[in-house]
Protein chains: 2
Amino acid sequence: MRRNISESTVRRLSFYLRILEKVEAVGIDTLSSEKLAQRTGTTAAQVRKDLSLFGSFGKRGLGYAIPQLASELREILGLDRTWRVALVGGGRIGSALFEYSGFRKRGFEIVAVLDADSSKVGQRWGKVVLSDIADLEKVLTAESVDIVILTIPAESVPDVLDRVVAVGVRGILNYAPVQLRVPGDVTVKDVNMVLELEALSFALSQTKGE
Amino acid sequence: MRRNISESTVRRLSFYLRILEKVEAVGIDTLSSEKLAQRTGTTAAQVRKDLSLFGSFGKRGLGYAIPQLASELREILGLDRTWRVALVGGGRIGSALFEYSGFRKRGFEIVAVLDADSSKVGQRWGKVVLSDIADLEKVLTAESVDIVILTIPAESVPDVLDRVVAVGVRGILNYAPVQLRVPGDVTVKDVNMVLELEALSFALSQTKGE
DNA sequence: TCCATTTTGTGAACTAATTCACAAGGGTCT
DNA sequence: AGACCCTTGTGAATTAGTTCACAAAATGGA
Ligand SMILES: NC(=O)c1ccc[n+]([C@@H]2O[C@H](COP(=O)([O-])OP(=O)(O)OC[C@H]3O[C@@H](n4cnc5c(N)ncnc54)[C@H](O)[C@@H]3O)[C@@H](O)[C@H]2O)c1
Ligand SMILES: NC(=O)c1ccc[n+]([C@@H]2O[C@H](COP(=O)([O-])OP(=O)(O)OC[C@H]3O[C@@H](n4cnc5c(N)ncnc54)[C@H](O)[C@@H]3O)[C@@H](O)[C@H]2O)c1
């Protein structure tokens, strides 16, 4: 049933879920594709098409039952479980991410932090004690890590990446501005803030000349 | 010449530029679409198609002259100038961004930081003194701000956003997990880290069941 | 029960993006 | 100069993604 799901569909599913959870808290129990579309900045047809890729979750004439659809979406997105996450790089961006509660709320639990700086190794951050990057393999295995977040300088990435992949981690979120090369069964997502600014720069430059 | 440039084309142009600058430093002075494609994870045809949307920058049989193409790309992307950026929200993620040198290197200069916390207002961060969010309009105007980065809690966003737009800023980079509603001449880019993790979660859940 | 109304689910039509494939241009070697 | 590579630039073909449009439920009121 689930072949060829596009990146944009997945992104929209996350949006739908976020809105459903927001609306559920208000006490509404049903929502039409039209309403969901308005709230997420897309069209009703798109909402229905996206959902229909995974099944039939609505009632004709009525719309979608919010708790049921939310639960379906959580299952589709794999959010009906906790993901064990390791943070590699406890610098500025790494520590901001560590303290952010939004990840845990969605089921992403940071169970290990690794760094190369010996003055950081051994520090206690909440429940986590910072590990030495030399112990990467040991820590990722011991903590059954599913996902690694890379917040280290670009030049350190290739080496660390190879080790992370070698130990069997198949999901990576990368903050360094480098193109990652990984085997086909490993998924990488990039967060590239400079790229977003450059896209803004492009958009602003375009309209200016009109 | 420049109508209907897709989001993905713009993203790739940024990648091309990054690689060109990296390769230029090594002393190579020409690069084929094939090589550029390999380094950026796309195809040679895609590289040529992307570039051809803006002009003819290559030499047949030889490839692209690196400094010239880099310069063309900088102009296309609007990176042949400095952009004046204001940071709204000097919290965890905001301060990490402020200290990050990667923005300035690309011509994005943070000329103002605004916060609502009176214990932060008046603090000096490098060359910048933190302003009170109450003075938003005054500061954005006085500093000729082109782009605003929002690193404030989601619930504060709508109000601040309206004020930012009203004062004439037309580029916004948003870190809060909310859908922004803006007039058509304003461009918004979102950095949504939870969304990326959810996309990873989806990808990992898919392959697991095979 | 029947009719009016609402909204889903989904093929078909359309639009956008990518890949193919090749003629034309440019360089080099003899 | 001519033969031989190499690589661009770009229409055409293909593939992917979105929007349209409507029959098929489901509900509620007369
Ligand atoms: N700070 C930002 O706002 C920002 C924005 C965009 C991108 N980034 C990217 O994020 C990454 C981290 O940036 P930052 O500002 O947090 O840098 P930082 O210097 O504050 O932190 C990097 C951390 O990584 C550690 N480290 C270095 N090499 C390591 C290795 N081999 N193994 C383990 N740990 C290692 C360092 O000890 C340090 O603690 C960089 O690639 C940067 O380009 C940062
Ligand atoms: N920290 C992260 O890693 C992270 C990750 C993803 C998304 N985000 C998002 O980024 C935003 C900021 O997160 P954070 O972790 O830096 O939070 P934070 O609480 O550390 O910082 C928020 C800052 O905004 C200021 N602020 C609050 N209301 C304001 C207003 N109306 N005007 C001006 N300033 C105001 C606060 O005083 C504070 O300094 C949030 O929307 C969060 O969801 C953060």
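Sequence lines set the chain letters: A, B, ... in the order given, protein chains first and strands last, and positions in each chain run from 1.
- Atom CG of B:Leu51 and atom C1' of C:dT18 are 15 Å apart (whole Å).
- In terms of modelled atom types and a separation under 3.5 Å, the side chain of A:Arg163 and the main chain of A:Glu137 share no donor-acceptor contact.
- In this structure, the side chain of B:Thr40 does not engage the main chain of B:Tyr16 through any donor-acceptor pair within 3.5 Å.
- Candidate nucleotides C:dG11, C:dC22, C:dT18 were compared by shortest atom distance to the side chain of B:Arg12, and C:dT18 ranks first.
- Contacts between residues 59-70 of chain B and DNA chain C, defined by a heavy-atom separation under 4.0 Å, are made by B:Arg60, B:Gly61.
- With sequence neighbours excluded, no residue forms a side chain to side chain donor-acceptor pair (under 3.5 Å) with B:Tyr64.
- Comparing the axis of the opening five pairs of the helix from C:dT1-D:dA30 to C:dT30-D:dA1 with that of the closing five pairs yields an angle of 0°, rounded to 10°.
- Residues forming a side chain to side chain donor-acceptor pair (under 3.5 Å) with B:Arg18 (at least two apart in sequence, or on another chain): none.
- No donor-acceptor pair closer than 3.5 Å links the side chain of B:Ser33 to the backbone N or O of B:Gly63.
- Judged by distance alone, with hydrogens and angles left aside, the side-chain atoms of A:Thr151 form a donor-acceptor pair with the main-chain N or O of A:Val88 at under 3.5 Å.
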Apply the test salt bridge (Lys or Arg N to Asp or Glu O under 4.0 Å) to residues A:Arg11 and B:Asp190: give CA-CA distance (whole Å), side-chain angles for both, the deciding distance (0.1 Å), then the verdict. CA-CA 12 Å; A:Arg11 211 173 29 243; B:Asp190 293 282; over 6 Å; no

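- Atom pair A:Lys49:NZ and C:dC14:P shows a separation of 15 Å (rounding to whole Å applied).
- Against DNA chain C, the stretch residues 33-45 of chain B makes heavy-atom approaches under 4.0 Å through B:Thr43, B:Ala45.
- Within the structure, a side-chain polar atom (N or O) of B:Gln46 is placed less than 4.0 Å from OP1 or OP2 of C:dT19.
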Between B:Met193 and A:Leu97, does the side-chain contact (heavy atoms from CB on, under 4.5 Å) criterion hold? Intermediate values first, please. CA-CA 9 Å; B:Met193 310 177 188; A:Leu97 294 179; 3.4 Å; yes

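- Along DNA chain D, the stretch of nucleotides lying under 4.0 Å from any heavy atom of chain B spans, 5' to 3', D:dC6 to D:dA12.
- For the residue pair B:Ser6/B:Ser8, the side-chain donor-acceptor check at 3.5 Å is satisfied.
- Side-chain atoms of A:Arg84 do not come within 3.5 Å of backbone N or O of A:Val111 as any donor-acceptor pair.
- Formation of a donor-acceptor pair under 3.5 Å by the A:Ser201 side chain with backbone atoms of B:Gly78 is found in this model.
- In terms of position on DNA chain D, the residue among A:Arg48 and A:Glu7 whose nearest nucleotide sits closer to the 5' end is A:Glu7.
- Side-chain contact check for B:Glu198 and A:Ser14: at least one donor-acceptor pair (N or O, by modelled atom type) lies under 3.5 Å.
- The aromatic rings of A:Phe202 and B:Phe54 sit perpendicular, their planes meeting at an angle over 60°, well past the 30° parallel limit.
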